Amino acid sequence: MDYFKKYKSFLYSYYLSAGVRITIGVVMPAVILSFFNLLEVGTAMSLGALCVSATDNPGPIHHRRNGMLVCLLLLVVVSILTSLAAPFPVLLGILIVVFCFVFSMIGVYGSRAISIGVAALIIMVLQIGHPGQASELFLQALYILLGGLWYTGLSLLMYAFAPYRMAQQALGECIAVTARYLRVRAALYDEKTNFEKVYSHLIEEQVHVHQEQELVRELLFKSRDIIKESTNTGRTLLMIFRSLVDLFEKIMTSYRDYQQLHQVFGGTGIMNRYRQLILQIAAELDDISIAVKSGRPSRESNALGDAIRETKKFYVAMRAAKRTPENFQWFIVLRNILNNIEDVAGRIHTLHLYTTYRQPLSATSEPGEYEKFVSRQDYNPKVLFDNLTLQSNFFRHSLRVSLATLVGYIISQWLTVGHSYWILLTIIVILKPTYSLTKKRNYERLFGTIAGAIAGLIIVYFVEDRNVLFGIMIVLMVGTYSLLRYNYMLSVIFMTPYVLVLFQLLFNTPVENVFTDRLIDTCIASALAFIANFVLVPVWEHEQISTYMSMAIEKNIAWFKKVAAAFIGEPAPVIDYKVSRKEALVALANLSDALTRMLAEPKRAQKNNPEIHQFVVYNHLLSSHIATLSHYAQQFAATHTSREFVPVIDHIEAELIAIKKSFEGEAAPAAESQTPYWLSINKRVSVLMEKRQQELQEGLTDTETRRNLVALKSVTDQFKVILELVNDIKRVTRVVHEK
């Protein structure tokens, strides 16, 4: 994506919308009340608005509303209890430990609960410096409540005016990451590419695609108004997403070994032409992404269609000049790739039409269909109690947060420098349930603070006008809250000068003092978070990655069975197929994410890295080839079903089940001869190939034999590639178990 498109994409994103919404919600109470000499009241209200905004994550509106209301209740309780305990250091220390443990443990109830817990801990830390009499602390809690209610009302009001806005923005972002994934796949057609790096990059990008798809499912499939499909806008958004998921499956398809294709067709230019077509498709997706985010129709150009027609002419001319009876099967592969590109281009055209919101659409689903694609959070207290064990990652994380903040609190008691509550605040923000996330957040926080502090010093030294400083602070606030979920380091770079400017405006504090305090406190907190994450009951990914590996195999088995059934005349219901596809890709994304986290851990905590990396790559390829087989099922299954595929399908399934059982402690059986499974189907392919070779020698081009051969050989080749990958997975799995 070019820089102009990146700018437009961010301009219409929910990141910027959230940044503007939070900035308005936080600034308005303080600004308005300052005109009535009630700045202290306004500041308390702004604090309440800020904490509630932390829970206003993208999601169905009833989830957002309920989350903010629960957060408001907790803010009031935590604020009062913290202020009451603040004059008594020992009591306050106990309270900090209890709150940190409890509000970290509620993370078992999902990401929104995690945000609520963090908001409660933030108000706890900020209230430590506000001990007071009963009347004062209850007034402070009231102001915080009013500020939170103000922000909640603002957020709900903005939704009422634009109910589809967040769904459009999330869907547009999902399209954008799909385009990014497609660009990485385009590198497979570059003869100079490093295939190992490309596949690693594909694995990383697929995690991002999965995350965005899950968010869109949450927004669309759990929003009652959209599920009812009562408006054309709701129906259109659903159709765009369903089309996008199907499109992603087509993008995932793989054809043979790309390195072999480069060897056969190197120097002809055809592979580079395919690469350029794929990059053009990605560019079209970028345009559609921006259109969906902005709610405006996209403009479809003729460039992609013209390029495909030119490539087809080039392919036909090259085939006429270079095809021989010995290499014609490779031209079948090239033709299949071109057919898939045409298919994807057709789907791109449909997406362009949907962005007009003028396409006549009827209800597209049966009641309850969407329920199968989303998971429901279980809020039973039993979930919390079941996690009160050292086997639970959340329990270990809660212990780390409690002990680290206790040490931070003790240090802050005798530290004579600075705003010591920043130590606790930084620990709470940095510490995450996994080592890799904490390490990344620690690095981003530390270096972002240093860079931001330098920028803040420059601003305060060279800008004296308070009105200009206020304007700069607003820009920095928007940047901070817009980038918080998009790029944390950039967010911290904006946040630090925003804090420096804020202190300058409110208290006229010497900027050198604030600069020094923030750096010292951040360094102390970073050190404590690192030590806690490394020493206190750490959870290493190698301890649990086998669960993700087993689940990836299990879900691929289910998906493969649904796809393969079409070739023996037993096609699965469409909804069952789509659910199995979704679950397989989610399992693969979870496995890929676990591998990424493991690679970020200390070397001593890593085990079987090369083998597990191979396992993940092979599973990614397996998913790609199952997607390709599904593509062929839509093309050929209706007219080319055969019971001769039954032994092949059964053998592949049996091998995958054996791999799955090996993760449960059962030894995988030794590899058996593949010949009996292919005997019948290979004979049919051989007969057709001999007949086709004879036709080519006679100058016959478009014949029934050619069409039958293309269909049968394409399908058979995919089954063979899938079995080869299964054998590779089996081999790597055996090595992992032996080590």
Side-chain angles (χ1 to χ4, degrees), residues 1 5 8-9 11-14 17 58 60 162-182 209 212-223 225-252 277-278 280-305 308 340-366 369-370 373-374 574-575 578 581-582 631 634:
M1 184 188 291
K5 283 185 179 179
K8 288 184 67 178
S9 181
L11 190 65
Y12 294 119
S13 69
Y14 57 74
S17 295
Y164 296 107
R165 186 68 174 157
M166 185 171 287
Q168 289 172 315
Q169 291 168 332
L171 183 54
E173 191 64 28
C174 188
I175 296 171
V177 296
T178 303
R180 204 166 66 206
Y181 176 88
L182 186 57
V209 173
E212 295 298 333
Q213 286 184 353
E214 284 298 287
L215 173 58
V216 176
R217 286 190 184 97
E218 285 278 316
L219 284 165
L220 296 183
F221 296 171
K222 289 186 179 180
S223 295
D225 293 339
I226 296 179
I227 288 176
K228 291 176 184 176
E229 300 179 341
S230 56
T231 67
N232 189 63
T233 301
R235 287 194 291 268
T236 300
L237 292 177
L238 285 167
M239 285 304 301
I240 291 175
F241 181 63
R242 292 172 63 163
S243 299
L244 180 66
V245 174
D246 290 339
L247 176 67
F248 181 67
E249 181 188 42
K250 299 300 178 186
I251 291 171
M252 280 187 65
L277 287 178
I278 293 170
Q280 283 185 262
I281 291 172
E284 292 288 322
L285 280 173
D286 285 332
D287 291 336
I288 294 169
S289 165
I290 293 170
V292 171
K293 287 180 181 180
S294 64
R296 300 171 184 171
S298 58
R299 292 184 179 181
E300 183 178 11
S301 70
N302 298 321
L304 178 59
I308 290 175
N340 191 46
I341 290 174
E342 285 189 278
D343 185 323
V344 171
R347 294 169 187 270
I348 294 293
H349 171 72
T350 302
L351 288 175
H352 275 296
L353 293 178
Y354 284 147
T355 63
T356 65
Y357 294 92
R358 291 197 294 266
Q359 293 299 108
L361 298 171
S362 57
T364 57
S365 63
E366 296 295 327
E369 175 182 319
Y370 296 119
F373 290 93
V374 292
V574 174
I575 185 66
K578 289 188 174 183
R581 176 185 65 186
K582 179 252 183 182
H631 175 68
Q634 296 171 36

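This is a predicted model, so every value here is computed, not measured.
Here the closest heavy-atom approach between residue Tyr354 and residue Ser243 is recorded as CE1-OG, 3.6 Å. Closest approach of Ala345 and Leu304 over heavy atoms only: CB-CD2, 3.9 Å. Smallest separation of non-hydrogen atoms from Leu219 and Pro58: CD2-C, 4.4 Å.
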Which is it for Leu244 and Leu247 under the side chain to side chain contact (heavy atoms under 4.5 Å, CB included) test, yes or no, and what are the steps along the way?
CA-CA 5 Å; Leu244 180 66; Leu247 176 67; 4.2 Å; yes
Run the numbers on Arg347 and Asp343 for salt bridge (charged side-chain N to carboxylate O under 4.0 Å, His left out), then give the verdict.
CA-CA 6 Å; Arg347 294 169 187 270; Asp343 185 323; 2.6 Å; yes
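When side chains are defined from C-beta on, Ser289 does not count as touching Glu173, because their heavy atoms never get closer than 4.5 Å. A heavy-atom distance below 4.5 Å is found between the side chains of Lys250 and Asn340. Residues Tyr357 and Leu237 are in side-chain contact: their nearest non-hydrogen atoms beyond the backbone lie under 4.5 Å apart. The shortest distance between side-chain heavy atoms of Tyr164 and Thr236 does not fall below 4.5 Å. Proximity of Gln213 to Lys582: side-chain heavy atoms (C-beta onward) are nowhere separated by under 4.5 Å. Residues Leu351 and Ile175 form no side-chain contact, since every pair of their non-hydrogen atoms from C-beta on lies 4.5 Å or further apart. Residues Leu171 and Gln168 fail the side-chain proximity criterion, which asks for heavy atoms closer than 4.5 Å. Between Arg165 and Gln169 the shortest side-chain heavy-atom distance falls below 4.5 Å.
One distance of note links CD1 of Ile288 with CD1 of Ile281; it measures 10.5 Å at 0.5 Å rounding. For the atom pair CG of Leu215 and SG of Cys174, the computed distance is 8.5 Å after rounding to the nearest 0.5 Å. How far CD of Gln280 is from CD1 of Ile341: 10.5 Å, rounded to the nearest 0.5 Å. Interatomic distance, CD of Glu284 versus CD of Glu300, reported as 6.5 Å (0.5 Å rounding). With values rounded to the nearest 0.5 angstrom, Thr233 atom OG1 is found 11.0 Å from Leu238 atom CG. For the atom pair Asp246 CG and Ile251 CD1, the distance stands at 11.0 Å (nearest 0.5 Å).
In this structure a side-chain-to-backbone donor-acceptor pair under 3.5 Å is present from Thr355 to Ser298. A donor-acceptor pair under 3.5 Å is absent between the side-chain atoms of Thr356 and the main chain of His352, judged by distance alone.
Every residue two or more places apart in sequence or in another chain that forms a side-chain hydrogen bond (donor to acceptor under 3.5 Å, both in side chains) with Arg296 is listed here: Tyr12.
If you check the side chains of Ser13 and Lys293, you find no donor sitting under 3.5 Å from an acceptor.
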